[in-house]
Amino acid sequence: MSRYNARTVEPKWQKAWEDADTFRAVRKDNRDKYYVLEMFPYPSGRIHIGHVRNYTMGDVIARYKSSCGFSVLHPMGWDAFGMPAENAAMASGGHPKDWTYDNIAVMREQMKPLGLSIDWSREFATCDPDYYGQQQALFLDMLAANLIYRKEATVNWDPVDMTVLANEQVIDGKGWRSGADVERRDLTQWFFKISDMAEELLDAIDGLDNWPAKVKLMQANWIGKSRGLRMAFNLTETIADFDNIEVYTTRPDTLAGASFIAIAPEHPLARALAEQDTKLADFAIDVRKGGTTEEALETAEKLGYDTGLTVKHPLYDGQTLPVWVANFVLMDYGTGAIFGCPAHDQRDLDFARKYDLTVIDTFVAIDDDTRVESTAFVPPKTDTVKWINQPAGVDVATGQEAIDATIEWAETQGIGTGETQFRLRDWGLSRQRYWGCPIPVVHCEDCGIVPEKKENLPVELPDDVNFDIPGNPLDRHPTWRDTPCPACGKAAKRETDTMDTFVDSSWYFARFTSPDAEDPTNADDAAYWMNVDQYIGGVEHAILHLLYSRFFARAMHLTGHLPASAIEPFNALFTQGMVTHAIYQTRDGAGRPVYHLPEDVDEAAKTLRATGEPIEVIPSAKMSKSKKNVVDPVDIIDQYGADTARWFVLSDSPPERDVEWTAAGADAAWKFLGRVWRLATDLPEGSDTDPALERATAQAIHEVTQGIETFGFNKSVAKLHEFANTIQKSDAGPGAKRQAIKTLAQLMSPMTPHLAEEIWSHLGGEGLIANASWPKADEALLVEDTVTLPIQVNGKRRSELTVPKDTPKEELEKQALADNAVMRALNGAAPKKLIIVPGRIINVVV
RNA sequence: GCGGUCGUGGCGGAAUUGGUAGACGCGCAGCGUUGAGGUCGCUGUGAGGUAACACUCGUGGGGGUUCGAGUCCCCCCGACCGCACCA
């Protein structure tokens with residue numbers, strides 16, 4: 001009996017597939033296609049085990065669909081622009097381009113031994129001038145189609161390094177390198193008009209049948225459609241040309257509880273006042289230190305500045321409300337001004353308590369008149385509450401009814417109008433950085449902003465740049481900016497902003513359908529291959545990447561680059577979980593954790609091997625180099641082979657959940673594959689058959705197939721274990737076993753393709769297993785003729801009954817009541833109730 | 001802070017979607033094989049209880065709906081993901 005040697009077997013079959021060009025995606029117009037795509041990786045330098053899990057799942061689908069007869073497209077590329085390359089250049093002096101392409105080369109070589117069924121001939125990186133040149137062409141078409149415009153937007157500004165910072169470069173409100181307090185600065189930037197499509201993007205979510213409900217919900221919440229009231233509060237005196245303040249509120253029903261007006265520090269009125277009031281000007285600057293993230297704004301301490309102005313209360317003649325400038329009011333949303341109703345909004349309440357403003361209840365719970373003290377009363381809009389004070393005159397109603405009534409009342413009174421707002425903002429695509437796709441426009445003194453001519457694309461990044469000083473090297477390049485104006489030919493300057501890397505990843509799936517086309521896409525290829533039938537990636541992309549891609553597909557359709565059928569580019573989405581690993585730590589003298597590599601730890605004794613010191617084990621933690629709990633796929637493949645790694649990442653955890661990598665689990669996977677190989681060897685030919693094995697085979701085919709179809713790979717793996725156990729324990733003859741094992745190999749082939757090929761060829765299978773058709777279950781063998789029904793007494797299982805499948809209800813009743821456990825429970829009495837669900841369960845209530 | 005998800009034996013997890021909780025695997029124990037083993041095979045394994053049954057408890061905690069709840073509803077606790085310039 002030969003021992004299975006992955007180290008020689010795996011490269012052998014990888015070469016066989018390559019020689020036969022097995023995985024080349026070929027457009028066959030008479031055949032159905034299937035497009036499987038995993039979110040492409042950022043070339044960080046090494047693949048990690050999360051990549052292995054992601055690509056293995058995609059590979060299972062790709063190989064399975066291929067053996068079902070589909071023409072499969074399964075490509076791979078690189079999301080290659082972005083900050084880490086510039087950071088590396090700053091840290092060690094290299095060039096982002098070299099760093100990126102070197103990393104890609106390393107990662108490609110690490111990925112190939114996994115035996116993925118990828119059509120590598122379609123590979124590209126988003127930093128290839130060919131790719132980003134096509135992206136520039138898309139930009140120009142979208143600009144012409146009025147899908148892109150310029151406006152001012154706020155960025156994080158590091159006043160010491162004199163550069164724009166990404167949110168992740170702002171740590172506790174300070175610049176990551178300089179440590180200076182981050183300021184906010186307005187720059188004129190390019191924007192995609194995604195908000196014009198807010199309604200459409202929201203409505204179309206309903207049609208995404210094969211997307212996870214949670215992702216659809218998150219997208220809908222992100223788009224954030226709300227109906228509210230826009231109304232003006234008249235100032236008691238006109239100041240700097242303002243005679244009122246417009247507010248937008250989604251809770252107009254709380255108008256009677258208004259006790260102050262708050263405006264954003266960037267509100268035009270606040271700015272006008274700040275010109276005269278240096279304290280307010282200082283306040284506005286002070287309050288905007290720290291980052292621009294929504295999280296930073298919302299968790300910051302609520303601060304306000306009393307302008308001394310007042311507005312007239314729209315409901316009560318003679319009453320006025322004070323006007324404050326407040327840091328928690330955002331200029332981006334609504335009108336940049338709100339009325340504060342402390343009784344029914346926690347932020348407003350915190351603010352009111354801090355600055356001693358009044359709190360006026362407008363409604364209370366139906367059965368509890370308690371007034372608001374330190375916790376705002378904010379029931380769901382669907383709850384019915386009792387109104388103490390309501391301009392529209394309702395007294396008991398749900399929040400939503402009161403909102404609708406108030407809007408109607410306000411409209412008839414002429415003090416406001418109902419308005420639908422979206423939370424979704426336009427997508428700012430400008431980045432003040434080098435390593436991105438240059439925005440192909442030219443600034444001309446005479447003509448203004450002029451699009452570059454398409455024949456001059458790609459506008460390539462210059463190579464001769466350095467990163468010695470912070471800031472954008474394109475800005476300070478001696479010649480790169482100089483170019484003739486595409487309109488008048490006079491000397492002009494190029495735009496130095498580059499594109500957000502989300503742009504790169506918003507259409508790569510379309511480019512894969514025709515990676516060498518001379519336009520962004522080829523109409524025939526796009527029509528054939530789009531949409532992506534199965535998209536697989538992490539939940540962290542649930543909102544931005546997927547929403548931007550949905551927008552882009554629509555924009556590409558409007559500019560003639562995608563067919564109308566492709567405006568929702570991903571037919572099915574699957575979000576997979578992380579691969580985690582335990583952290584092993586001890587404590588230093590100061591109680592800080594000291595991390596240890598798994599190989600330095602005695603897992604069973606929970607001690608450090610070298611010193612015997614006890615360790616703390618933190619299970620299921622995200623892998624992180626600094627915590628020394630990273631598993632390198634390259635090591636795993638060296639030790640066990642790719643099939644073991646693939647089998648492990650599909651086992652145990654459902655794919656959408658996190659899976660914990662353990663050495664014991666990897667070992668178990670390796671042992672199982674060895675056992676399957678031993679089953680397949682030393683089996684003579686034979687023409688015998690075995691009905692029990694045939695039935696088990698039919699069941700395995702049925703359940704494994706269902707597992708793959710529903711992304712229940714862990715269930716398929718469990719079923720394959722059972723099937724292998726059944727074959728092993730069967731006393732059938734060699735012919736029947738050979739037949740069962742050939743099917744076992746086929747069922748395992750999407751998961752462990754190398755072992756499957758080896759067994760297939762060993763047992764005389766025809767050609768490559770990768771080209772064999774997926775086995776079909778004999779339906780007749782799947783039908784069971786008897787069922788075992790549990791018998792419950794008061795909902796607890798007490799016994800069971802095995803009967804022919806179509807036993808009538810009366811007979812079930814009779815047999816159940818004759819059951820020993822039931823008779824014991826009844827103790828001579830008649831049952832109170834008898835519930836019989838045919839084929840399911842019998843429940844006797846006593 | 002806002003939005004979203006998850007919580008089941010010693011461990012990873014299953015449960016046909018309201019119908020036998022713990023499939024499958026790891027670990028552990030016993031037996032056999034090997035007798036060099038990071039080998040292989042068989043059997044057992046939620047907790048309590050019993051000679052063995054019976055029985056009792058049990059799906060993060062508390063309450064509810066139901067003949068029946070891991071699954072549905074409410075409250076609480078904990079972990080994780082996203083929050084628009086990380087990718």
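Each chain gets a letter, A, B and so on, in the order its sequence line appears, and its residues count up from 1.
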Separation between the [atom1] atoms of [N] and [M], rounded to whole Å:
| N | M | atom1 | value |
| --- | --- | --- | --- |
| B:rG49 | B:rG60 | P | 24 Å |
| B:rC76 | B:rC86 | P | 33 Å |
| B:rU8 | B:rG12 | P | 7 Å |
| B:rG70 | B:rU59 | P | 7 Å |

Rounded off to whole Å, could you give me the [atom1]-to-[atom2] distance for the [X] and [N] pair?
| X | N | atom1 | atom2 | result |
| --- | --- | --- | --- | --- |
| A:Leu573 | B:rU5 | CG | C1' | 15 Å |
| A:Trp647 | B:rC26 | CH2 | P | 12 Å |
| A:Glu295 | B:rA84 | CD | C1' | 13 Å |
| A:Ile543 | B:rC86 | CD1 | P | 14 Å |
| A:Trp427 | B:rA84 | CH2 | C1' | 11 Å |
| A:Glu703 | B:rA15 | CD | P | 11 Å |
| A:Leu812 | B:rU20 | CG | C1' | 16 Å |
| A:Lys833 | B:rG19 | NZ | P | 17 Å |

Which nucleotide sits closest to the side chain of [X]: [options]?
| X | options | answer |
| --- | --- | --- |
| A:Leu544 | B:rU5, B:rG68, B:rC83 | B:rC83 |
| A:Pro654 | B:rG13, B:rG1, B:rC86 | B:rG13 |
| A:Glu800 | B:rA84, B:rU20, B:rC86 | B:rU20 |

Q.
Can you give me the dot-bracket string for RNA chain B, 5' to 3', counting Watson-Crick and G-U wobble pairs with both distances under 3.5 Å, using [ ] for crossing pairs and | for partners on another strand?
A. (((((((..(((......[....)))((((((.......))))))(((......)))..(((((..]....))))))))))))....

Q) Thinking salt bridges, do A:Lys214 and A:Glu656 make one under a 4.0 Å N-O criterion? A)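 So A:Lys214 does not pair with A:Glu656 through a salt bridge.
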
Q: Could you tell me whether A:Lys193 and A:Asp426 have a side-chain N and a carboxylate O separated by less than 4.0 Å?
A: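 No, no charged N to carboxylate O under 4.0 Å.
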
Judged by atom type as modelled, is there a donor-acceptor pair below 3.5 Å linking the side chain of [X] to the main-chain atoms of [Y]?
| X | Y | answer |
| --- | --- | --- |
| A:Gln432 | A:Asn472 | no |
| A:His541 | A:Gly538 | no |
| A:Asn327 | A:Glu301 | yes |
| A:Ser430 | A:Trp190 | yes |

State whether [X] places a side-chain N or O below 4.0 Å from either non-bridging phosphate oxygen (OP1 or OP2) of [N].
| X | N | value |
| --- | --- | --- |
| A:Arg798 | B:rU56 | yes |
| A:Thr501 | B:rA87 | yes |
| A:Asn221 | B:rC2 | no |
| A:Lys715 | B:rG13 | no |

Report each atom pair, protein N/O against N/O of nucleotides 33-43 of chain B, whose distance is under 3.5 angstrom.
residue : atom : partner  : partner atom : Å
B:rG38  : N2   : A:Tyr640 : OH           : 3.4
B:rG38  : N2   : A:Asp667 : OD1          : 3.1
B:rG41  : OP1  : A:Gln728 : NE2          : 3.4

**Q.** Neighbour count above 12 (heavy atom, 6.0 Å) for A:Met162 CE
**A.**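 Incorrect, the count does not exceed 12.
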
Q. Does A:Lys832 NZ have over 12 foreign heavy atoms under 6.0 Å away?
A.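 For A:Lys832, atom NZ is not crowded (no more than 12 foreign heavy atoms under 6.0 Å).
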
Q: Quick one: label A:Gln189 by what it contacts on the DNA or RNA (base, sugar-phosphate, nothing), any heavy atom closer than 4.0 Å.
A: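 Base contact.
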
Q) Using a cut-off of 4.0 Å on non-hydrogen atoms, how would the nucleic acid contact of A:Lys796 be classed: base, sugar-phosphate, or nothing? A)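 A:Lys796: backbone/sugar contact only, no base atoms under 4.0 Å.
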
**Q.** Candidate list A:Ile708, A:Asp643, A:Val649, test side-chain contact (heavy atoms from CB on, under 4.5 Å), partner A:Met751, passing option
**A.**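 It is A:Ile708; the other options fail the test.
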
Q: Name all residues meeting the ring-ring contact (aromatic ring centres under 6.0 Å, His included) criterion together with A:Phe377; count only those two or more places apart in sequence or in a different chain, and write none if there are none.
A: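 Applying ring-ring contact (aromatic ring centres under 6.0 Å, His included) to A:Phe377 gives A:Phe363.
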
